[in-house]
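Heads up, the thing below is written out as structure tokens.
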Amino acid sequence: MTGRDEFAGSRTDQAGTPSAGPEGQVGGGRLPALEAALADARDLPDGPDRQVALERLAERADAAGDVRSGVDARFALIEAYLLDGERWRLVEPVRRCRAAADHRPELLTDVETGLLLRYQRYAVEALLGTPRVGLDQTRSLLHDLAHRVGADGPDAPTVAELHCRIADHLGDEPTARHWYGRWSGKRPGPAGGCPGCASARRAELLAGWGEWRAALGELQKRDGEPEPCTDQPERDLVAGLLPALRAGEPERAAAAHVRAYRRHRREPAAFPHLAAHLRFCALGGHLERGLTILTEQLPRLDRPTDDLAAMEFAAAGALVCALAEDAGLGGRPLPRPAYGGRPATEPDVSTLGALLLGLASELAGSFDARNGTGHHSGRMAAWLAERPLAAPVALPADDGPDGHDEPEADGSDERELMALTVDMITAVLDRRGDQYLVEEGDTVVGRWGGVVIQFRRAGERGEVLHARAMAARRLPATRRSEAYAFCNAWNHDRLLPKAYAHDIGEELVLAGDVATDLTHGVAPAQLTVLVDAAIATGVAYAEAVAALP
């Protein structure tokens, strides 16, 4: 499970439905009308409308004295904020849920209690990504979290990590190092995020303190101890890019950059990693590639994952532009697509560099104004003052998703027929740059936007490629007839996937299947087409489900 996406599958309504209480209420005070309204709000498509509906529902529950519905609405609201990439909004709903649970300890199940601890950690981490969260608010939440988990509890390393990262964010390196010592070498607790990415987070801190070899050593500790994390190995590779370059290992850095960027170039949640790729290109002497990446990724700056990632991307892009200008490339035009009310333009390298520098400086100033320090302005200035560290080395061949014709790792030809294997399926996803897990039973699982897709081998000899797509949006069981009508219409109008509704009690999962008989074998090139088609049709199916009224 990834550090970014671990919240994606959590649903508070799965923790158990309270039994009916007195006077026609639910759970000893839960109003049926509010429970029905909550079901309707959850059924709305992702986005602002769902957020507004849940916010109003929480207020209605407070006014009616229905504490349970208020907590349920805020849990759903927290999940909505997370799915929409708005962690900075978490502080208030987390605080209100915490206050309600403290007032009525029996209110939450054990599952919900653990989930609230995780949400509290998310709310504390929000400080690192945006200046829109108050420093005092965050410290209060962190101290409360520390009190709840205790000095020797399983989540004590989580608290130490948060103290460390916040101190580093504020520019207080001595305090950060103190907490680093209490965090390093310890496995995260239940609320502590992805254990598979802990080494990368520590390596990034060490690199920020100028300890290149220690950063690389932290990443090497993972060898032989793989974690079930869909962000790996690219997460570790990008964390080691600049340490390897500065430690005099440019070939290692080059190989890591090429492999990690194959995936990060298309993955929306990987936006925070792009600054490291751009800085590698600048400091490794690969200016042409740096300009290509900057042009390719510039549209993502209009919809960044958070303000910190936007600041670092802008500063790294400004560095690439400044070095390109020094190399005589300042007049080269770079396309910038239209966005909102801004028309499409083609600024030259020098002009774009100035725009990026202005954005980075503005965001750094916002962080520093909130923090009461000059740390981020100084850090971005230091980035912009850097110059190439060594002569460029040749980059490995890029056999990434944009279609370079590399042979398979075992040397087989792309058109040679062979028996279907799980390794062949994962190889296709690797070339696409997709994230996935291989679960028990050799089922390959990944998520593409609003759909989860499982790939597995079916049939007596594993000769059938079976892909099952499940839309993230679920419908209440009361809409069963509508779900059946939707599936019938889909199957009438489209070939793939075969749609159906799966009843799991109070909800309906809308899923679809694609099965291809490969009794006579499949060529890698053919399998690529089949996997691409399964993903494309699965995404289209999930989008149609999300668009239902």
Side-chain angles (χ1 to χ4, degrees), residues 3-4 125 128 157 160-188 192-227 229 231-261 263-264 270 272-284 286 308-309 312-313 315-316 319 375-376 378-380 382-383 385-390 393:
R4 293 188 301 271
E125 285 182 324
L128 306 175
E161 175 187 352
L162 291 171
H163 274 296
C164 174
R165 293 169 64 195
I166 289 175
D168 179 73
H169 179 82
L170 298 175
D172 185 356
E173 186 176 327
T175 300
R177 286 182 177 273
H178 164 75
W179 286 106
Y180 182 89
R182 300 178 64 172
W183 167 37
S184 180
K186 297 180 176 63
R187 186 179 179 84
C194 176
C197 293
S199 58
R201 296 194 295 271
R202 288 195 281 261
E204 288 166 349
L205 282 165
L206 292 168
W209 300 335
E211 298 189 18
W212 321 122
R213 286 294 177 188
L216 295 174
E218 182 64 46
L219 296 172
Q220 290 171 348
K221 291 179 184 178
R222 281 177 42 82
D223 291 351
E225 300 180 7
E227 296 281 356
C229 172
D231 282 350
Q232 298 294 359
E234 292 83 0
R235 181 73 173 86
D236 279 0
L237 290 174
V238 78
L241 275 182
L242 295 178
L245 192 61
R246 295 184 187 279
E249 300 183 41
E251 293 84 1
R252 174 179 175 178
H257 160 69
V258 170
R259 179 174 178 183
Y261 188 65
R263 172 176 177 178
H264 293 160
H273 303 321
L274 296 181
H277 288 291
L278 288 171
R279 292 180 72 200
F280 163 79
C281 292
L283 303 182
H286 302 282
L308 182 72
E312 294 185 342
F313 178 91
L319 175 61
H375 175 62
H376 286 284
R379 190 164 68 95
M380 295 300 97
W383 282 22
E386 291 181 306
R387 290 299 178 264
L389 300 171
V393 300

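Note that the numbering runs from 1 along the sequence shown for the chain.
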Practice item. Give the C-alpha distance, both sets of side-chain angles, the deciding distance and a yes or no for salt bridge (Lys or Arg N to Asp or Glu O under 4.0 Å) between R165 and E204. Key: CA-CA 10 Å; R165 293 169 64 195; E204 288 166 349; over 6 Å; no
Can you name the nearest heavy-atom pair linking [X] to [Y], along with the distance?
X: A176; Y: A167; result: N-CB, 3.6 Å
X: A316; Y: A275; result: CB-O, 3.6 Å
X: L219; Y: S199; result: CD2-O, 3.9 Å
X: A276; Y: L241; result: O-CD1, 3.9 Å
X: A315; Y: M380; result: CB-SD, 3.4 Å
X: W183; Y: P157; result: CD1-O, 3.8 Å

Is there side-chain contact between [X] and [Y], with heavy atoms separated by less than 4.5 Å?
X: D168; Y: W179; answer: no
X: V238; Y: R259; answer: no
X: H376; Y: L308; answer: yes
X: E218; Y: S184; answer: yes
X: L283; Y: R246; answer: yes

Distance (rounded to the nearest 0.5 Å) between [X] [atom1] and [Y] [atom2]:
X: L242; Y: H277; atom1: CG; atom2: NE2; result: 10.0 Å
X: L206; Y: L216; atom1: CG; atom2: CG; result: 10.0 Å
X: R379; Y: H169; atom1: CZ; atom2: NE2; result: 8.5 Å

Exercise for review: Show your reasoning for whether side-chain contact (heavy atoms from CB on, under 4.5 Å) applies to W383 and E312.
Suggested key: CA-CA 9 Å; W383 282 22; E312 294 185 342; 3.8 Å; yes
Exercise for review: Using the test side-chain hydrogen bond (donor to acceptor under 3.5 Å, both in side chains), find all partners of R177 that sit at least two apart in sequence or belong to another chain.
Suggested key: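 With sequence neighbours excluded, R177 shows a side-chain hydrogen bond (donor to acceptor under 3.5 Å, both in side chains) to E173, E211, given in chain and number order.
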Point to revise | Residue of the set R202, K186, R201 for which side-chain hydrogen bond (donor to acceptor under 3.5 Å, both in side chains) holds with E161 | key: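 Of the listed options, the one satisfying the test is R201.
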Review point. After noting the C-alpha distance and the side-chain angles of R182 and H163, does the key distance pass the side-chain contact (heavy atoms from CB on, under 4.5 Å) rule?
Key: CA-CA 10 Å; R182 300 178 64 172; H163 274 296; over 6 Å; no
Practice item. Could you label the plane-to-plane angle of the H257 and Y261 rings as parallel, tilted or perpendicular, counting under 30° as parallel and over 60° as perpendicular? Key: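 The rings of H257 and Y261 lie parallel, inter-plane angle below 30°.
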Check your understanding: Sequence neighbours excluded, which residues qualify as side chain to side chain contact (heavy atoms under 4.5 Å, CB included) partners of E234?
Key ->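 E234: side chain to side chain contact (heavy atoms under 4.5 Å, CB included) contacts with A260, R263, H264.
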